[in-house]
Amino acid sequence: GAVVSQHPSWVICKSGTSVKIECRSLDFQATTMFWYRQFPKQSLMLMATSNEGSKATYEQGVEKDKFLINHASLTLSTLTVTSAHPEDSSFYICSARAVEARNEQFFGPGTRLTVL
Amino acid sequence: GQSLEQPSEVTAVEGAIVQINCTYQTSGFYGLSWYQQHDGGAPTFLSYNALDGLEETGRFSSFLSRSDSYGYLLLQELQMKDSASYFCAVKAAGNKLTFGGGTRVLVKP
């Protein structure tokens with residue numbers, strides 16, 4: 001099946017710093033990737049849709065200047081949490097759409113962000 | 001917008017059958033997906049229904065009724081490793097997924 005990786009798997013940072021999370025599709029090309037956030041014991045909330053070569057589309061209530069998304073190639077999308085604060089601590093998960101697999105989304109293993 | 005309802009928790013014993021219901025309200029609908037997520041892990045795809053009816057994949061089956069805006073996931077011959085959270089998700093335009101709140105399944109010996 002299609003494999004999606006994320007790096008880092010976990011990160012601890014100080015308040016006010018920026019953190020970059022990478023999402024890679026390892027064995028397929030993904031023109032579209034999605035970024036989700038999940039708080040403990042809650043559901044996945046879609047943050048934004050990342051399109052290769054164009055600007056990301058953000059969901060209502062998600063600050064685009066705080067969560068910077070770059071989809072520079074068909075296999076890589078990055079999410080940068082700028083000026084992170086403790087309330088940004090969460091599990092961030094990306095997914096990639098595989099056209100050759102009936103457009104099914106395959107999820108990365110997630111990145112646990114803790115902001116002190 | 002989209003909204004999905006599913007039970008928050010279900011407990012059952014090994015070997016039992018569990019049905020997780022999901023009702024949805026949506027402004028656009030392409031299909032209903034089901035995902036399994038173990039604690040600390042990523043969601044893994046279980047099934048997808050675009051048309052009415054039952055889809056069977058091993059011990060897991062999924063059902064959809066578009067006219068009733070309703071679907072369910074059926075877990076048969078429960079095993080301890082099936083203890084996890086199960087999410088239904090509506091697929092809409094742009095292949096966007098909206099997830100339900102998740103159902104935590106606890107399997108007891």
Side-chain angles (χ1 to χ4, degrees), chain A residues 1-7 9-10 21 23-26 30-52 54 56-62 90-114, chain B residues 1-10 20 22-51 55 57-58 62 73 83-106:
Chain A
V3 179
V4 176
S5 70
Q6 275 184 247
H7 178 80
S9 55
W10 59 271
I21 303 170
C23 177
R24 293 181 186 274
S25 57
L26 297 186
T31 55
T32 305
M33 291 183 173
F34 302 89
W35 287 96
Y36 297 84
R37 179 168 52 184
Q38 185 178 33
F39 293 107
K41 299 192 186 304
Q42 293 189 24
S43 187
L44 286 80
M45 299 299 295
L46 179 64
M47 299 175 65
T49 302
S50 171
N51 300 299
E52 187 268 336
S54 64
T57 305
Y58 290 81
E59 294 301 300
Q60 194 171 11
V62 178
S90 187
F91 194 45
Y92 291 86
I93 309 173
C94 72
S95 71
R97 180 168 68 95
V99 174
E100 57 270 29
R102 298 192 306 171
N103 286 317
E104 195 52 60
Q105 287 189 34
F106 294 89
F107 285 81
T111 297
R112 177 79 55 194
L113 170 64
T114 302
Chain B
Q2 327 274 32
S3 69
L4 295 90
E5 295 277 342
Q6 55 181 124
S8 59
E9 194 170 297
V10 172
I20 303 171
C22 175
T23 57
Y24 57 87
Q25 288 185 314
T26 176
S27 56
F29 181 84
Y30 282 55
L32 188 71
S33 298
W34 289 92
Y35 289 84
Q36 178 193 60
Q37 186 181 32
H38 287 97
D39 285 345
T44 55
F45 172 78
L46 293 178
S47 68
Y48 175 68
N49 295 67
L51 302 174
E55 294 274 347
T57 309
S62 59
L73 179 70
S83 290
S85 292
Y86 293 83
F87 294 89
C88 58
V90 163
K91 180 182 286 190
N95 284 284
K96 289 168 60 171
L97 290 175
T98 301
F99 284 80
T103 299
R104 196 167 183 85
V105 173
L106 178 61

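Protein chains get the first letters and strands the later ones, always in sequence-line order, with residue 1 at the start of each.
Heavy-atom minimum distance, A:Tyr36 versus B:Leu97: OH-CB, 3.6 Å. The two residues A:Gln42 and B:Phe87 come nearest to each other via the heavy atoms O-CZ, 4.1 Å.
With hydrogens and angles disregarded, no donor-acceptor distance shorter than 3.5 Å links the side chain of A:Ser43 to the backbone of B:Gly102.
For chain A, the option among B:Pro43, B:Gly40, B:Ala42 with the highest count of heavy-atom pairs below 4.5 Å is B:Pro43. Annotation: maximal heavy-atom pairing with chain A below 4.5 Å, among B:Ser33, B:Ser85, B:Gly100, occurs at B:Gly100.
Of the listed residues (B:Tyr48, B:Phe45, B:Tyr35), just one forms a side-chain contact (heavy atoms from CB on, under 4.5 Å) with A:Gln105, and that residue is B:Tyr35.
Neither the backbone nor the side chain of A:Gln6 has a heavy atom closer than 4.5 Å to any heavy atom of chain B. Residue B:Thr44 does not touch chain A at all, counting heavy-atom pairs closer than 4.5 Å. Residue contact with chain B, scored on non-hydrogen atoms closer than 4.5 Å, is absent for A:Gln60. Only the side chain of A:Ile93 comes within contact range of chain B, with at least one heavy atom under 4.5 Å from a heavy atom of that chain.
In this structure, B:Phe29 places its CZ atom where more than 12 heavy-atom neighbours from other residues, nucleotides or ligands lie under 6.0 Å away. Applying the 6.0 Å contact sphere to NE2 of A:His7 captures no more than 12 heavy atoms from other residues, nucleotides or ligands.
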